[in-house]
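This is a predicted model, so every value here is computed, not measured.
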Amino acid sequence: MEKKLIFDIHDKPKFGQMLIFAFQQVLAILAATILVPAIVGNGMSQSAALFGAGVGTLVYQLFTKFKSPVFLGSSFAFIGSMAAAFAGAASASAGYAGLVIGAALAGLVYVVIALVVKFVGVAWINKLMPTVVIGPTVALIGLSLAVNAVNDLTVGKVMVEKVEQVIENNAIVEKTAFVSGCSPYVALICGLVTLFAIFAFSVYGKKMAKLIPFILGIVVGYIAASIFTVIGIATDNIALQVINFEAFKGMEIFAVPDFTFIEAFKGFGDIDGSFIATIAVAYVPVAFVVFAEHIADHKNLSSIIDRDLLEEPGLHRTLLGDGVGSIAGAFFGGCPNTTYGESVGCVAITRNASVITISTTAIMCMVISFFGPFVTFLASIPNCVMGGVCVALYGFIAVSGLKMIQKVDLNDNRNLFVVSAILIPGIGGLSLTFGDITITTIACALILGIITNIILNKGKKD
């Protein structure tokens with residue numbers, strides 16, 4: 001029988017191996033971590049977000065006594081909250097101050113819940129969210145990201161201007177947008193080359209190659225994309241140009257990221273009680289929603305490493321690590337952090353649960369955020385190549401959730417309907433928006449599953 005983990009949580013790979021494993025984690029979490037500030041805009045720095053994610057992860061590791069092998073990156077759940085901070089601010093600097101205040105308020109929610117868990121225990125959580133609820137929710141985390149992965153498979157990095165005529169207020173106006181210039185079929189070829197390279201290295205690779213399938217897969221995909229791009233440049237054919245080599249021109253070798261706190265300190269004088277109340281309404285409810293996803297991520301990771309993280313180091317510690325780490329991360333990068341499914345998937349596929357690898361990943365993110373060539377190279381990896389990576393990662397997350405419910409009796413309609421109540425609304429994209437507050441698809445599905453489970457099992461004897 002094959003050993004479940006090649007490196008357990010306390011194992012220390014050789015220094016050279018550790019650096020390679022850490023870089024693989026960087027590649028797994030990079031796209032999502034820097035995408036959040038790009039979506040929010042308002043001058044937010046992607047390098048600062050990467051640095052903040054590293055800081056947040058180290059804080060998390062400290063609180064969890066280096067027993068939980070997962071990376072914390074920028075949280076997509078707070079995008080609406082962050083946009084609200086800028087929208088309601090008297091100045092751009094006040095908007096940055098709002099990011100710091102909002103992250104602090106959201107982190108305090110985690111601290112309060114952690115204190116409750118510390119004194120009450122986790123039995124109520126296991127009863128509220130048993131395997132029949134958590135399993136399909138974990139599967140849904142992977143399935144809900146499928147559209148993102150598939151969309152990326154046909155997109156390159158070279159963008160071209162696209163002008164469309166649309167009708168607005170009974171008048172024809174021109175709208176300008178930037179779209180991928182390369183042929184979607186060329187991008188798809190690069191994405192599939194990446195995907196099958198990952199499969200091949202993971203299944204047939206020997207020794208080290210088997211442990212770093214994502215790095216090797218991305219290298220193969222990048223080479224394929226480079227070949228198409230060079231041919232496209234030589235023949236002046238934009239349809240073949242997948243990688244934007246222009247991004248490397250004029251880049252700075254060394255640059256200090258635009259840390260959020262620097263701008264935020266300038267804006268604290270422009271905030272008042274009304275603005276703080278607006279920030280609280282935008283951030284606090286989302287923190288309760290992300291708490292449910294925190295549980296799902298840690299139960300999934302527990303099943304992978306064969307240790308119950310809710311018991312040891314304890315849910316109160318993982319919550320404190322996530323909450324305080326999120327505050328620290330936002331102080332530098334503006335983005336509240338959360339445990340990353342991509343990181344969990346990387347641990348699962350490579351069977352490397354070494355916590356020191358995760359800590360090295362965090363330090364590596366902090367260091368490379370200062371070096372332009374490295375950040376530019378990582379950012380130049382085409383969407384289609386990362387799409388191939390994400391097909392493997394998100395698929396593994398989905399399968400991990402399905403494996404969790406293997407022992408659940410689905411011949412019992414109580415269990416069958418609970419799973420149905422989670423998967424169908426979740427895959428269908430059910431979400432609810434109240435002003436600036438959005439209850440995500442995952443949260444909606446999980447809440448519906450919890451309610452269904454309570455109703456159907458009311459009065460049932462254990």
Side-chain angles (χ1 to χ4, degrees), residues 4-34 49-75 208 211-215 293-294 296-310 312-315 317-326 328-329 332-333 335-369 378 389 393 396-397 400:
K4 186 171 184 179
L5 292 175
I6 295 175
F7 290 100
D8 213 332
I9 58 173
H10 296 303
D11 290 340
K12 297 180 180 179
K14 294 178 181 178
F15 183 74
Q17 289 181 323
M18 185 173 62
L19 291 179
I20 297 173
F21 296 152
F23 184 60
Q24 181 168 243
Q25 278 276 349
V26 170
L27 294 176
I29 59 86
L30 177 73
T33 298
I34 65 176
L50 190 62
F51 184 93
V55 171
T57 300
L58 289 179
V59 171
Y60 171 84
Q61 293 299 340
L62 286 170
F63 274 95
T64 56
K65 300 188 293 186
F66 296 90
K67 293 183 178 180
S68 180
V70 64
F71 187 92
L72 272 63
S74 307
S75 174
M208 194 65 179
L211 288 169
I212 54 170
F214 296 114
I215 290 181
E293 297 181 11
H294 177 98
D297 278 340
H298 283 82
K299 285 215 169 190
N300 183 24
L301 186 58
S302 296
S303 69
I304 292 168
I305 66 174
D306 217 12
R307 284 179 171 82
D308 190 352
L309 296 173
L310 272 60
E312 180 59 36
L315 180 59
R317 285 187 172 274
T318 66
L319 284 169
L320 282 172
D322 204 340
V324 179
S326 192
F332 289 97
C335 305
N337 294 333
T338 188
T339 49
Y340 258 24
E342 290 90 339
S343 178
V344 175
C346 192
V347 169
I349 293 175
T350 62
R351 292 183 289 140
N352 176 11
S354 168
V355 174
I356 196 171
T357 295
I358 301 297
S359 299
T360 305
T361 302
I363 295 171
M364 189 175 288
C365 286
M366 295 166 65
V367 172
I368 65 176
S369 67
L378 294 177
V389 172
L393 276 176
F396 214 95
I397 295 169
S400 295

Stepwise side chain to side chain contact (heavy atoms under 4.5 Å, CB included) check, I212 with T350: CA-CA 7 Å; I212 54 170; T350 62; over 6 Å; no

Flag side-chain contact, heavy atom, 4.5 Å: I6 against D11: no

F7 and F21 aromatic centres sub-6.0 Å: yes

Exercise: identify the closest heavy-atom pair between N337 and G329: ND2-CA, 3.6 Å

Nearest non-hydrogen partners of T64 and R317, listed with the distance: CG2-O, 3.8 Å

Nearest-0.5 Å distance that lies between atom OG1 in T360 and atom CE in M18: 4.0 Å

Heavy-atom check, side chain of V347 versus side chain of I304, under 4.5 Å: yes

Donor-acceptor pair between H294 and T318 side chains, under 3.5 angstrom: yes

Within-4.5 Å side-chain heavy-atom neighbours: Y340 and S74: yes

Side chains of C365 and F71 in contact at under 4.5 Å (non-hydrogen atoms): yes

Test item: T339 and V344 side chains (from C-beta on) under 4.5 Å apart, heavy atoms: no

Taking every non-hydrogen atom, the tightest pair across P13 and I356: CD-CG2, 3.9 Å

Inter-residue atom distance K299.NZ - L309.CG, 0.5 Å rounding: 11.5 Å

Shortest non-hydrogen contact from P69 toward A353: CB-O, 3.2 Å

Euclidean distance, L310 CG relative to L301 CG, rounded to 0.5 Å: 10.5 Å

Salt bridge R307-E312, side-chain N to carboxylate O under 4.0 Å: no

S326 and L72, any side-chain heavy atoms less than 4.5 Å apart: no

Interatomic spacing from OH in Y60 to CD1 in I358 - rounded to 0.5 Å: 10.0 Å

V389 vs L27, side chain to side chain contact (heavy atoms under 4.5 Å, CB included): CA-CA, chis, key distance, verdict: CA-CA 9 Å; V389 172; L27 294 176; over 6 Å; no

Spacing of CD1 belonging to I34 relative to CD1 belonging to I29, to within rounding of 0.5 Å: 9.0 Å

Steps toward side-chain hydrogen bond (donor to acceptor under 3.5 Å, both in side chains) verdict (T357, Q25): CA-CA 8 Å; T357 295; Q25 278 276 349; over 6 Å; no

Residue pair L30 / L50, side-chain heavy-atom distance below 4.5 Å: yes

K12 atom NZ, neighbour heavy-atom count above 12 within 6.0 Å: no

Exercise: do Q61 and S68 side chains pair donor with acceptor under 3.5 Å: no

Contact summary for F63 and G321, nearest pair of heavy atoms: CB-CA, 3.5 Å

Nearest-0.5 Å distance, OG of residue S354 to CG of residue D8: 9.0 Å

Shortest non-hydrogen contact from L393 toward A28: CD1-CB, 4.1 Å

Non-hydrogen side-chain atoms of M364 and L19 separated by less than 4.5 Å: yes

